[in-house]
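Below is one structure; the comments refer to it alone.
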Amino acid sequence: MENPFSLVGKNIVITGASSGIGRQTAVICSQMGARVVLIARNNERLKETLSLMQSPESHLVYSVDLAELSGIEAAIKEAVVNMGKLHGLVNAAGISTTLPLKLISNDKLDEFFRTNVYSAIQMSKLFSKQANVSNEGGSVILFSSVMGIVGETGKTLYSLAKGALIPAAKSMALEFASKKIRFNAISPGVVVTPMSQKAIYSQDEESLNKITALHPLGLGKPEDIANACVYLLSDAARWVTGSNLIIDGGYTAR
Ligand SMILES: NC(=O)c1ccc[n+]([C@@H]2O[C@H](COP(=O)([O-])OP(=O)(O)OC[C@H]3O[C@@H](n4cnc5c(N)ncnc54)[C@H](OP(=O)(O)O)[C@@H]3O)[C@@H](O)[C@H]2O)c1
């Protein structure tokens with residue numbers, strides 16, 4: 001029997017592949033048989049990801065600053081020439097902060113929207129081009145957060161940027177359904193990665209215990225999210241579009 005979760009024969013682009021969730025998604029996608037295009041800024045850490053993957057020689061690495069986006073079109077074009085058309089896009093690149101309202105300037109808003117929102121929209125646009133996407137269609141994942149659904153003190157900036165992606169996934173899902181390109185969001189709770197380890201709630205034991213207690217199943221691991229990416233990228237999810245998959249150890253269950 002054919003495995004509906006297999007990614008054999010699929011070409012998947014993953015942004016944020018140099019760290020955390022994006023890195024783990026790249027590793028698991030390679031184990032499931034995909035060829036992967038790894039994108040982030042830090043070339044050394046991208047190469048580290050590559051060294052953890054199955055068949056490292058069959059993947060491509062591009063060091064690109066997604067806040068600027070210059071070079072991304074050429075990179076995707078080159079990837080399509082080398083690998084063939086694309087079947088999946090995981091927009092895992094992102095930045096996070098905890099900041100009181102009085103410190104949210106327009107420059108900060110711009111910085112957060114550039115990396116978390118504009119880059120995901122521009123990548124989705126590039127992916128969906130007829131020249132780039134497989135004739136059978138494709139699957140795009142946008143990374144939101146539980147902070148895109150509920151609030152927390154100091155999370156206004158992050159919530160604004162992450163919340164924008166959930167309805168965007170729904171509208172793009174409708175716009176591209178006829179082309180069989182599916183768009184879904186994933187909203188994780190706190191997952192242990194360099195991002196959450198740098199966060200203010202990880203700086204002392206008391207704060208970390210408090211945030212952990214808000215997750216009935218404890219904090220997540222990158223593979224808890226990467227496995228869901230495999231599902232959404234695979235043919236097992238061929239009828240899933242416009243959804244927001246909350247994976248949060250029960251954080252929003254209350
Ligand atoms: N960890 C959590 O608790 C959590 C919870 C909810 C949602 N999320 C979301 O999940 C996604 C992955 O988070 P993570 O925890 O894996 O974070 P992470 O470990 O900090 O990784 C973030 C990734 O984004 C890349 N990136 C950041 N700015 C970039 C830019 N300007 N251009 C290109 N790449 C850029 C980084 O690569 P370079 O530095 O090499 O560029 C890195 O690979 C993010 O969108 C995050 O908002 C995370």
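Order of appearance sets the numbers: ligands from 1, and atoms from 1 within every ligand. Computed from a prediction, not measured in an experiment: that's the story for all the values here.
Heavy-atom contacts from other residues, nucleotides or ligands closer than 6.0 Å to NZ of Lys85 number more than 12. The neighbour count for Gln203 CD, taken as heavy atoms of other residues, nucleotides or ligands under 6.0 Å away, is above 12. Atom CD1 of Ile200 has 12 or fewer neighbouring heavy atoms from other residues, nucleotides or ligands inside a 6.0 Å radius. Enclosure of atom CG in Asn209 by more than 12 non-hydrogen atoms of other residues, nucleotides or ligands within 6.0 angstrom is indicated.
The side-chain contact (heavy atoms from CB on, under 4.5 Å) test with Met123 singles out one residue from Leu142, Leu66, Val64, and that residue is Leu66. Of the options Leu60, Ile12, Val36, Val13, a side-chain contact (heavy atoms from CB on, under 4.5 Å) to Met83 is made by Leu60 and by none of the others. Checked options Asn184, Leu232, Ile225; the residue passing with Leu245 is Leu232 (criterion: side-chain contact (heavy atoms from CB on, under 4.5 Å)).
Heavy atoms of Ala199 stay at 4.0 angstrom or farther from ligand 1. Note on ligand 1: Ser119 sits outside its first shell, no heavy atom being nearer than 4.0 Å. Residue contact check for ligand 1: Val64 places a non-hydrogen atom closer than 4.0 Å to it. Using a 4.0 Å cutoff on heavy atoms, Ser96 does not count as a contact of ligand 1. The shortest separation from a heavy atom of Thr15 to ligand 1 is not under 4.0 Å, leaving the residue out of contact. Taking a 4.0 Å cut-off on heavy atoms, Gln24 fails to register as neighbouring ligand 1.
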Please tabulate, one pair per line, all N/O donor-acceptor pairs under 3.5 Å involving side-chain atoms of residues 172-179, not counting sequence neighbours.
none

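The nearest heavy-atom contact from the protein to atom 22 (C) of ligand 1 is Gly94 O, 3.8 Å. Closest protein heavy atom to atom 42 (C) of ligand 1: Ser18 OG, 3.6 Å. Closest protein heavy atom to atom 6 (C) of ligand 1: Pro188 O, 3.4 Å. Nearest protein heavy-atom contact of atom 45 (O) of ligand 1 is Lys162 NZ, 2.9 Å. Scanning the protein for heavy atoms near atom 28 (N) of ligand 1, the closest one is Arg41 NH2, 3.2 Å. Looking from atom 8 (N) of ligand 1 to the surrounding protein, the closest heavy atom is Tyr158 OH, 3.5 Å. When hydrogens are left out, the protein atom nearest atom 11 (C) of ligand 1 is Ala92 O, 3.0 Å; that is the closest non-hydrogen contact. For atom 4 (C) of ligand 1, the closest non-hydrogen atom of the protein is Gly189 O, 4.1 Å.
Considering backbone and side-chain N/O atoms, Ser196 never comes within less than 3.5 Å of an N/O atom of ligand 1. When only interatomic distances are considered, the shortest N/O to N/O separation between Gly16 and ligand 1 falls below 3.5 Å. Ligand 1 has no N or O atom lying under 3.5 Å from any N or O atom of Tyr201, backbone or side chain. Considering backbone and side-chain N/O of Asn91, none are found under 3.5 Å from N/O of ligand 1. Considering both main-chain and side-chain atoms, Val191 comes within under 3.5 Å of ligand 1 through a nitrogen or oxygen pair. Between Ile21 and ligand 1, a contact under 3.5 Å exists for at least one N or O pair. Here's the thing with Asn116: none of its N/O atoms is less than 3.5 angstrom from an N/O atom of ligand 1.
Close approach of ligand 1 to Ala67 is summarised as follows: ligand atoms under 4.0 Å from at least one heavy atom of the residue are 31 (N). Interface atoms of ligand 1 facing Ser144, defined by a heavy-atom separation under 4.0 Å, are 7 (C). Taking every heavy atom of Arg45 and a limit of under 4.0 angstrom, the matching atoms of ligand 1 come to 39 (O), 40 (O). Residue Pro194 has at least one heavy-atom neighbour below 4.0 Å for each of these atoms of ligand 1: 19 (O). Of all the atoms in ligand 1, the ones that sit under 4.0 Å from a non-hydrogen atom of Gly20 are 16 (O), 19 (O).
In this view, Leu160 and Leu109, Phe113, Thr156 satisfy the side chain to side chain contact (heavy atoms under 4.5 Å, CB included) rule, not counting sequence neighbours.
Taken from CG in Asp110 to OG1 in Thr115, the straight-line distance is 9.0 Å, to the nearest 0.5 Å. Expressed to the nearest 0.5 Å, how far CD1 of Ile247 lies from OG1 of Thr252 amounts to 11.0 Å. Between atom OG of residue Ser134 and atom NE2 of residue His87 there is a gap of 3.5 Å, rounded to the nearest 0.5 Å. Atom NZ in Lys47 sits 13.0 Å away from atom OG in Ser18 (nearest 0.5 Å).
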**OP:** List the steps and the verdict of salt bridge (charged side-chain N to carboxylate O under 4.0 Å, His left out) for Glu48 and Arg45.
**Re:** CA-CA 5 Å; Glu48 259 171 51; Arg45 282 193 280 116; over 6 Å; no
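Nearest to atom 13 (O) of ligand 1 by heavy atom, out of Arg23, Met195, Glu44, is Met195.
Here Leu66 has heavy atoms under 4.0 Å from ligand 1 in both its backbone and its side chain.
Glu152 and Tyr158 are not linked by any side-chain donor-acceptor pair at a separation below 3.5 angstrom, with hydrogens and angles left out of the test.
Cluster membership for Ile181 and Val80, using ILVMFWY side-chain heavy atoms within less than 4.5 angstrom, is shared.
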